[in-house]
Amino acid sequence: MGGAVVDDGPPGVKAPDGGWGWAVLVGCFVITGFSYAFPKAVSVFFKELIREFDVGYSDTAWISSILLAMLYGTGPLCSVLVNRFGCRPVMMVGGLFASLGMILASFAKSIIHIYLCTGVITGLGLALNFQPSLIMLNRYFSEKRPLANGLAAAGSPVALCCLSPLGQVLQYQYGWRGGFLILGGMLLNCCACGALMRPLLPPKKPLELEENAPKAEDKPQAKKKLLDFSVFKDRGFVIYTTAASIMVLGLFVPPVFVVNYAKGLGYEDTKSALLLTILGFVDMFARPASGLIAGMKWVRPRCVYLFSFAMIFNGVTDLVGSQADNYVGLVVFCIFFGISYGMVGALQFEVLMAIVGTEKFSSAIGLVLLMEAIAVLVGPPGAGKSRLLDATHKYMYVFLLAGCEVTLSAIVIALGNFFCIKRKQEDVGSKMEMAVTAAEKVGLNGGVECEGDDEAQEESKGKENGRLIYNVENNTNK
């Protein structure tokens with residue numbers, strides 16, 4: 001494996017659920033924050049870029065779009081690299097790519113250079129960090145995994161609350177070029193987070209046991225698949241992927257449009273921007289709380305239904321929030337949207353882990369991200385909603401459409417789980433019962449045969465004893 005320790009979860013290794021896993025959780029928290037918040041934080045520099053390169057706002061918006069496309073669309077590539085080299089080396093190389101892209105972009109002479117450097121190179125670097133960090137989190141936590149997922153997901157709103165103001169300060173003090181250079185230096189922290197991803201190793205056996213253990217014959221080991229497409233045979237995975245692809249069409253719409261929604265109602269810029277702060281603050285606490293609830297003994301087996309409820313909650317919040325016509329209504333909308341948005345963010349990968357398991361998660365998450373990227377490209381949430389806004393000049397219809405899309409995805413995963421996955425589990429359970437019954441019958445038949453043999457042996461012994469007694473009596477009479 002190129003001299004690297006491949007952390008593919010060796011058999012017999014139990015998830016520590018703590019210990020070094022907390023260091024892995026901190027690394028995942030930072031990586032999740034950079035991955036989700038960075039495309040939004042870069043938008044702070046758009047006005048300076050428009051002035052520098054004499055382009056329109058739509059031209060600069062492609063920077064964030066390319067970043068997100070690389071984050072989602074390179075999922076299968078990340079899966080192949082992780083299965084080939086392991087999580088730690090992939091993340092450290094990704095950290096170098098993420099930093100290098102921003103440093104090169106600070107010397108850009110055109111907007112195309114920024115597309116290639118910030119969009120492609122930095123986007124690829126963040127993707128090479130995001131997916132492996134989730135894989136390692138899944139390997140280090142089992143019983144406490146829902147809580148760990150919720151805490152790691154909280155990195156997104158925390159980083160957004162920090163990076164956006166920091167970007168404004170850097171732009172004011174050093175200009176966009178200096179700001180890009182400093183942010184590139186900050187992204188080197190991804191390498192430090194990658195170094196925390198220590199592979200899990202099987203426990204060492206005592207020397208006496210190793211010496212006494214019989215040496216097994218060398219058998220050719222099955223070659224590990226770099227990208228396991230067999231996950232598509234799992235009905236649960238197909239249902240989850242379909243629902244997630246529909247969900248991304250509307251999930252990210254309110255954070256993008258809510259500020260302009262408030263401005264359209266006549267509120268000043270500062271007051272309108274405060275709505276995003278409220279949303280992020282609520283989201284920050286909703287994610288760990290959702291992970292804590294999902295980890296409860298009664299809730300965890302029904303985690304997919306909790307995820308479905310979170311999606312319905314989010315969709316209904318969009319539908320109701322579309323009717324807001326004052327600032328108080330938008331504040332209430334942001335509070336409830338922050339709660340539902342945090343629930344979805346905390347549960348989405350926990351549900352995927354529960355469906356496919358640890359062994360196939362590295363391939364499954366890459367394929368899911370790719371399918372979501374295709375869904376975004378086929379029906380771009382930003383472009384599609386912008387066209388609707390241009391046609392109607394009302395944000396109400398944009399929020400209504402987003403709410404319908406998210407609600408539809410919730411219905412898909414809830415009904416799919418109830419009618420397909422649950423039935424599959426029942427079929428497996430009935431087969432196991434039949435197998436147990438058959439085994440019991442074999443055992444009973446074996447017991448009857450044994451009893452018959454015992455009776456025959458006793459009878460033969462009795463006959464022999466009878467003959468001995470008869471012979472003894474005859475001899476005595478004689």
Side-chain angles (χ1 to χ4, degrees), residues 6-13 15 72-84 86-87 127 130-132 134-139 142 145-146 149 219-249 300-308 311 347-378 408-436:
V6 181
D7 42 359
D8 55 352
V13 179
Y72 282 91
T74 55
L77 174 63
C78 295
S79 297
V80 169
L81 292 175
V82 166
N83 290 332
R84 177 67 176 83
C87 291
F130 175 61
Q131 187 173 321
L134 290 176
I135 294 170
M136 288 303 295
L137 191 70
N138 179 42
R139 290 174 183 167
S142 178
R145 192 179 65 202
N149 273 309
K219 295 181 180 180
Q221 294 181 351
K223 191 175 181 181
K224 183 178 176 64
K225 294 181 180 179
L226 295 180
L227 191 61
D228 191 356
F229 288 98
S230 66
V231 291
F232 283 106
K233 296 179 181 178
D234 188 335
R235 283 184 281 183
F237 175 77
V238 173
I239 293 166
Y240 176 91
T241 305
T242 304
S245 300
I246 299 171
M247 179 184 69
V248 296
L249 297 176
R300 192 169 185 184
R302 301 166 180 82
C303 192
V304 65
Y305 292 113
L306 181 61
F307 181 51
S308 179
M311 294 161 71
L347 297 172
Q348 57 179 340
F349 296 118
E350 166 61 25
V351 172
L352 179 60
M353 290 174 187
I355 290 174
V356 300
T358 303
E359 184 181 349
K360 295 185 178 181
F361 181 70
S362 58
S363 295
I365 187 174
L367 293 170
V368 165
L369 292 176
L370 176 62
M371 297 301 291
E372 289 180 355
I374 293 173
V376 170
L377 291 173
V378 171
L408 176 61
S409 66
I411 294 171
V412 168
I413 196 168
L415 295 180
N417 180 73
F418 185 78
F419 289 108
C420 297
I421 304 175
K422 191 175 179 182
R423 183 175 297 175
K424 180 183 177 182
Q425 291 174 348
E426 289 176 354
D427 292 343
V428 172
S430 61
K431 288 180 181 178
M432 290 179 66
E433 288 178 3
M434 290 172 65
V436 171

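Across all their heavy atoms, Ile239 and Gly416 have their closest contact at CD1-O, 3.4 Å. For Ala243 against Ile413, the heavy-atom pair with the smallest separation is CB-CB, 3.8 Å. The two residues Cys87 and Ile135 make their nearest non-hydrogen contact at SG-CG2, 4.0 Å. Of all non-hydrogen atoms in Pro76 and Leu367, the two that sit nearest each other are CG-CD2, 4.5 Å.
Annotation: the span from Asn83 atom CG to Cys78 atom SG amounts to 11.0 Å, rounded to 0.5 Å. Rounding to the nearest 0.5 Å gives a distance of 11.0 Å between OG of Ser308 and CG of Leu347. Atom CZ of Phe232 is separated from atom OG of Ser363 by 10.0 Å, given to the nearest 0.5 angstrom. Distance check, rounded to the nearest 0.5 Å: CG of Leu369 to CD1 of Ile365 gives 5.0 Å.
Every residue two or more places apart in sequence or in another chain that forms a side-chain contact (heavy atoms from CB on, under 4.5 Å) with Ser79 is listed here: Gln131, Leu227. In terms of the side-chain contact (heavy atoms from CB on, under 4.5 Å) criterion, residue partners of Ala244 (sequence neighbours excluded) are, by chain and number, Tyr240, Glu372.
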Counting only pairs under 3.5 Å, give me each side-chain donor-acceptor contact of residues 348-355, with atom names and distances, residues two or more places apart or in other chains.
| unit_1 | atom_1 | unit_2 | atom_2 | d |
| --- | --- | --- | --- | --- |
| Glu350 | OE1 | Arg145 | NE | 3.0 |
| Glu350 | OE1 | Asn149 | ND2 | 3.0 |
| Glu350 | OE2 | Arg145 | NH2 | 3.3 |

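Side-chain N or O atoms of Thr241 include one that pairs as donor or acceptor with a backbone N or O of Phe237 at under 3.5 Å.
Contact check for Thr242 versus Val238: side-chain heavy atoms found under the 4.5 Å cut-off.
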